[in-house]
Amino acid sequence: MLKIHNNLSRQKEVFTPITPGKVGLYVCGMTVYDYCHIGHARVLVVFDMVVRYLRHSGYEVNYVRNITDVDDKIIKRAHENGEPMAALTQRFIDAMHQDAAALGVLPPDQEPKATTSMELITAMITTLVEKGYAYPASNGDVYYDVSKFDGYGKLSGKKLEDLRAGERVAVDEVKDDPMDFVLWKAAKPDEPSWDSPWGAGRPGWHIECSAMSTDCLGNHFDIHGGGLDLQFPHHENEIAQSEAATGCQFVNVWMHNGFVQINEEKMSKSLNNFFTLREVLKQYAPEVIRYFILASHYRSALNYSDQNLDGAKIALERFYTALRGVETVVIQNGGEYEARFCNAMDDDFNSVEALAVLFEIANALNRAKADHNGAAAIQLAGQLRYLGGVLGLLQDDADVFLKGGAQNTGGLSDADIDALIQQRLDARKNKNWAEADRIRDELLTQKIILEDGAGITTWRRG
RNA sequence: GGCUGGGUGGCAGAAUGGCUAUGCAGCGGCCUGCAAAGCCGUGAAUGCCGGUUCGAUUCCGGCCUCAGCCUCCA
């Protein structure tokens, strides 16, 4: 029985889909004007894990993840670069898809873009204006009137009066209320724009998600996710827009993943303390990053550090070392471990405890190998790969992972290494331990670690 | 100022009203020419102060402290 922490109620609830057996899931994706950073990687991986587990549990999932391809920052960046907005966004959409694929993130079922959803967006704004929830302002913008929506603040736990008294709310002359937010922005000269009943302009950020999510999944759907920083105001505003427009509940379960922190501080564009995924991938294998993300609960803060990434690498080495040398046979279940694995995942996607179960399988697998129990080893290896696959992990060939190591450009080729190992085997045969140790040390300076087995020497990159 | 969520062994990081996390590191042993990997064993924790309870790290209250939201942000 799957339980999910619902941020709307701030507690774990038994998950009950609107339509039995089916799940509609919408996740706020990226604003494409730069490369993905580790925070984006976390959203991608966390909800990929959620989708994989929902499917493993037998649900038919319709996973929608949008792309914001028009907004102030994009327009600014395109202007700085002196390139058309569409060229800029396409470049970073392609980059994002590459990054997601590297992390083993499966493509969403639908990936709507703001710029190709303008009719939906203007239609929803029209409805909001007609119903009296929105008003055109003197400057050509259209604003949402928060005072008209009773439930405003229910997701973030904020009260309008507190928000108005907040330190950082700027007073804007054209708004009726400082908390009103923009649905449609009138175009300034040289800005990309679309026609609308209120003149040429572009959508405010929040409305696109209301329009696209209800279009793809219906007025009322199961799960909406995104980073914790989107809870307010973005998701709060989505609720206000969608529920005012449709007259029914928007979303049953709200899920937010925690931040990636660096030195105990949130990693963000505005603080300029972020690492792009591409930078990190120069140092660590993609699966190491995926493991690092899943080794903390999705709602906790995730502290980025070389030490923690190194720990993730070592943990994966343990798994792949256990899998190495065992014939790969596809097994479609986790055997005796499946129940505990699922109990962990059913508890609000507790991937950390699920990984602990995988370590137990690795331990049993190592014992089976030590006991020369080949049949048991093959079975356990299959179960480990199967359950690992539910998390999107351990699908690589063990030798490929272990010999791949860090970004080893230059240095010794596999053939060079094999030749040196052969020389060393000859030396060992002659009990020339000094020469054998010399070769081993020489390889170690290149971060090649040798492991002498029964009559065979294996190696890996450290 | 208003509102959230945290503080667990050397590190990372789960869980729990009484019993075991898990990984890394440490210590002892096995294996090895020596290592590495692996196996077996082992020490080590619940911010502070009260309360409830036979018993609290877990529930309640207060305090200290950290992070976050209230402005674009995954």
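These values consider heavy atoms only, across backbone and side chains, with no hydrogens, waters or symmetry-generated copies. Convention: sequence-line order gives letters A, B, ...; per-chain numbering from 1.
To the nearest angstrom, C1' of B/rA21 lies 11 Å from CG of A/Asn350. Distance A/Tyr152 OH to B/rC70 P: 11 Å, rounded to the nearest Å. Here B/rC34 presents its C1' atom at 15 Å from CD1 of A/Ile439, a figure rounded to the nearest Å. Taking atom CD of residue A/Glu353 and atom P of nucleotide B/rG23, one finds them 13 Å apart after rounding to whole Å. When the P atom of B/rU4 is taken as reference, atom NZ of A/Lys266 falls 19 Å away, rounded to whole Å. The interatomic distance linking A/Arg299 (CZ) with B/rA74 (P) rounds to 21 Å, in whole Å. Rounded to whole Å, the distance from CD on A/Gln231 to P on B/rC69 is 11 Å. Atom CG in A/Asn366 sits about 8 Å away from atom C1' in B/rC39, given to the nearest Å.
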Worked check of salt bridge (charged side-chain N to carboxylate O under 4.0 Å, His left out) between A/Glu435 and A/Arg424: CA-CA 7 Å; A/Glu435 173 66 1; A/Arg424 180 168 169 275; over 6 Å; no

Verdict with reasoning, A/Asp34 to A/Arg77, per salt bridge (charged side-chain N to carboxylate O under 4.0 Å, His left out): CA-CA 9 Å; A/Asp34 208 339; A/Arg77 182 66 59 87; 3.6 Å; yes

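Each of A/Ile449 and A/Ala301 lies near RNA chain B, and the nucleotide nearest A/Ala301 is the one positioned closer to the 5' end. Toward the 5' end of RNA chain B, the nearer of the two residues A/Ala364 and A/Val260, judged by each one's closest nucleotide, is A/Ala364.
Here A/Lys158 lies in heavy-atom contact (under 4.0 Å) with a base. Note on A/Gln307: only backbone sugar-phosphate atoms sit closer than 4.0 angstrom, heavy atoms only; bases stay farther off. Here A/Gly29 lies in heavy-atom contact (under 4.0 Å) with sugar-phosphate atoms only. Using a 4.0 Å heavy-atom cutoff across all strands shown, A/Ala312 reaches no nucleic acid atom at all. Heavy atoms of A/Ser268 sit under 4.0 angstrom from at least one base atom. Base contact: A/Ser270 has a heavy atom under 4.0 Å from a base atom. A/Leu230 comes within 4.0 angstrom of the backbone, heavy atoms only, and of no base.
Taking a pair to require two hydrogen-bonding distances under 3.5 Å in either a Watson-Crick or a G-U wobble arrangement, B/rC31 remains unpaired. Nucleotide B/rA45 forms no Watson-Crick or G-U wobble pair with any nucleotide shown, as no partner meets the under 3.5 Å limit on both distances. When Watson-Crick and G-U wobble pairs are counted only if both distances are under 3.5 Å, B/rU4 pairs with B/rA67.
Side-chain atoms of A/Asp452 come within donor-acceptor range of the base of B/rC34, with a qualifying N/O pair under 3.5 Å. Residue A/Arg440 places a side-chain atom within donor-acceptor reach of the base of B/rC34, judged by atom type and a 3.5 Å distance cut-off alone. Side-chain to base pairing of A/Asp437 with B/rG33: one donor and one acceptor N or O lie within less than 3.5 Å of each other.
Contact annotation: A/Ser300 side-chain N/O to B/rA14 OP1/OP2 distance is under 4.0 Å. Proximity of A/Arg318 to the phosphate of B/rG38: a side-chain N or O atom is located under 4.0 Å from OP1 or OP2. The side chain of A/Arg164 places no N or O atom within less than 4.0 Å of a non-bridging phosphate oxygen (OP1 or OP2) of B/rG2.
For the pair A/Lys3 and A/Phe15, the cation does not sit on the ring face, since its NZ or CZ is not both under 6.0 Å from the ring centre and inside 45° of the axis.
Taking the six-membered ring where tryptophan is involved, the planes of A/His56 and A/Tyr386 are tilted, since the angle between them lies from 30° to 60°.
With B/rA37, B/rG5, B/rA74 as the candidates, the nucleotide lying closest to the side chain of A/Val43 is B/rA74.
Atom P of B/rC3 sits at a distance of 31 Å from the matching atom of B/rA12, rounded to the whole Å. When the C1' atom is used for both B/rG26 and B/rA45, the distance is 16 Å, rounded to whole Å. Taking atom P on both nucleotides, B/rC73 is separated from B/rC59 by 35 Å, rounded to a whole Å. Rounded to a whole angstrom, the distance from the C1' atom of B/rU65 to that of B/rC54 is 34 Å.
Note that the CG atom of A/Leu302 and the CG atom of A/Leu294 stand 9.5 Å from one another [nearest 0.5 Å]. If you take CG on A/Asn303 and CG on A/Asn263, they are separated by 7.0 Å, rounding to the nearest 0.5 Å.
A donor-acceptor pair shorter than 3.5 Å can be found between the side chains of A/His256 and A/Asn7.
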